[in-house]
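A note on names: the letters A, B, ... follow the listed sequences, proteins ahead of strands, and every chain is numbered from 1.
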Protein chains: 2
Amino acid sequence: MGAEAERAAGGREEWADVTPDAARRLVSAAVEAFAERGYHATTTRDIAGRAGMSPAALYIHYKTKEELLYRISGIGHEQALRIMGAAVAAEGTATERLGDAVRAFASWHAEHHTTARVIQYELQALGPEHYAEITDLRRRTDRALRQIIQDGADTGEFRADDVPGTTLAVLSLCVDVARWFSADGPRTPDEVGALYAGLVLRMVGAETV
Amino acid sequence: MGAEAERAAGGREEWADVTPDAARRLVSAAVEAFAERGYHATTTRDIAGRAGMSPAALYIHYKTKEELLYRISGIGHEQALRIMGAAVAAEGTATERLGDAVRAFASWHAEHHTTARVIQYELQALGPEHYAEITDLRRRTDRALRQIIQDGADTGEFRADDVPGTTLAVLSLCVDVARWFSADGPRTPDEVGALYAGLVLRMVGAETV
DNA sequence: CCGCGCACTGAGCAAGCGCTTAGCGAACTG
DNA sequence: CAGTTCGCTAAGCGCTTGCTCAGTGCGCGG
């Protein structure tokens with residue numbers, strides 16, 4: 001299912017483990033609204049309206065508007081971490097694993113650019129303890145990617161003098177896809193993934209064919 | 001003058017051509033507040049308070065809160081465009097010019113990360129016609145960078161199959177510095193510029209020493 | 001010393017915000 | 001078929017928001 005069809009279906013796939021149905025419709029509506037206008041510019045009335053409910057219905061499923069953002073951030077970052085974690089744990093050379101990691105991570109940010117925009121750019125709206133929790137997930141994603149790059153540097157596959165700096169740059173490059181990507185643009189998510197995988201492999205000085 | 005000292009001085013250097021003094025203090029206060037909390041989460045009372053004025057004083061110098069953001073965006077993007085434009089117009093090989101452009105552009109986004117964060121991530125809060133004006137400045141920055149990369153591809157210095165895509169990636173990489181950079185972090189703006197210049201030159205397949 | 005201009009303030013208005021509460025109707029339980 | 005539960009709504013509370021306006025004090029030309 002493409003991102004557009006999925007959105008029309010209320011994010012059935014992406015938010016599959018949010019139940020009951022009304023709670024899922026609210027998450028899906030909130031993601032859309034937050035991505036479009038930003039967290040602070042989005043009203044609870046707008047979210048409830050998009051989900052086809054009255055404003056008060058939101059508070060049956062979520063204590064506050066911030067809790068909605070927290071749930072979205074948690075689920076989204078767990079998906080992102082899972083993608084990166086799978087790549088680091090996979091078989092293959094560091095070059096293969098880095099290419100796969102970037103391809104998957106960048107194309108996820110394109111395919112799910114609505115969700116990605118919210119979880120990457122609305123973090124500061126979280127309360128302090130929720131923020132700390134999410135930051136931990138981000139640190140784990142960073143550590144996974146750094147592991148691959150460190151492996152490549154150790155085996156001599158990569159030419160990376162500054163491993164943390166290179167990791168930061170690669171992560172930053174992929175994350176920022178969420179900011180500029182548009183479904184109406186000339187590139188498909190897979191094309192973005194392929195382009196970025198090639199760019200990053202050259203960036204770390206890997207031998208490419 | 002470093003960014004910290006300059007902020008303490010009310011952005012005297014960065015906003016030098018904003019007059020009178022009260023208007024400059026307001027711009028400077030607004031940039032700080034917008035960068036910290038985001039446009040929509042910032043109140044006019046907060047901006048005026050930081051500038052040492054009553055809430056009403058803001059409206060003597062600016063018609064609306066949005067106009068403040070517009071002024072900031074205009075000045076900031078003009079600075080960014082000037083940096084990129086200087087690099088494209090400079091003498092030298094494409095490799096040298098791209099290296100200089102990325103070094104200057106990335107380190108500007110680090111040094112002025114407060115301003116950069118506002119002009120790069122709060123754009124959507126602008127009204128439609130102001131948004132269109134700012135978008136035009138951004139397009140010109142993009143065109144300048146693309147010119148350098150195209151030059152390098154033409155002379156055979158660079159290996160870039162997808163020039164617009166590569167341009168987008170390089171720009172995205174530099175812009176995103178504003179999101180993660182912190183003055184308390186381990187890297188100085190100059191170090192970020194040097195790191196990024198090296199990464200980007202490898203990314204485009206330039207021959208480096 | 002007067003009086004004008006003007007940057008600025010104190011007080012506050014209308015609108016919109018996040019969130020609460022009382023109550024309703026359909027669905028399930030015994 | 002009465003009683004209970006539960007998802008949901010209509011109405012609205014208390015507060016904050018962007019912004020306004022009458023008035024104030026200060027500097028400056030005459």
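- In this structure, Lys63(B) atom NZ and dT20(D) atom P are separated by 11 Å, rounded to whole Å.
- In this structure, CD1 of Ile60(A) is placed 12 Å from P of dA10(D), rounded to the nearest angstrom.
- Residues Gln120(A) and Arg138(A) have side chains that bring a donor and an acceptor to within less than 3.5 angstrom of each other.
- Interface residues of residues 36-46 of chain A facing DNA chain C, ordered by number: Thr42(A), Thr43(A), Thr44(A), Arg45(A); criterion, heavy-atom separation under 4.0 Å.
- Between the CG atom of Leu145(B) and the CE atom of Met84(B) there is a distance of 4.5 Å, given to the nearest 0.5 Å.
- For the atom pair Arg202(A) CZ and Arg202(B) CZ, the distance stands at 12.0 Å (nearest 0.5 Å).
- Salt-bridge annotation for Arg97(A) and Asp100(A): absent, with no side-chain N of the basic residue lying under 4.0 Å from a carboxylate O of the acidic one.
- In summary, the side chains of Tyr39(B) and Gln124(B) do not present any donor paired with an acceptor at a separation below 3.5 Å, with no hydrogens or angles considered.
- Across the protein-nucleic acid pair, Leu68(B) atom CG and dC19(D) atom P stand 10 Å apart, rounded to whole Å.
- Relative ring orientation between Trp180(B) and Tyr196(B) is described as tilted, the plane-to-plane angle lying within the 30° to 60° band.
- Of the residues near DNA chain D, Tyr59(B) and Ala22(A), the one whose nearest nucleotide (by heavy atom distance) lies more toward the 5' end is Ala22(A).
- A donor atom on one side chain and an acceptor atom on the other are not found under 3.5 Å apart for Gln79(B) and His112(B).
- Ionic pairing of Asp176(A) and Arg179(B) is not present here: no N-O contact between side-chain nitrogen and carboxylate oxygen is shorter than 4.0 angstrom.
- With a heavy-atom cut-off of 4.0 Å to chain A, the contacted part of DNA chain C has its first and last nucleotide at dC17(C) to dT21(C).
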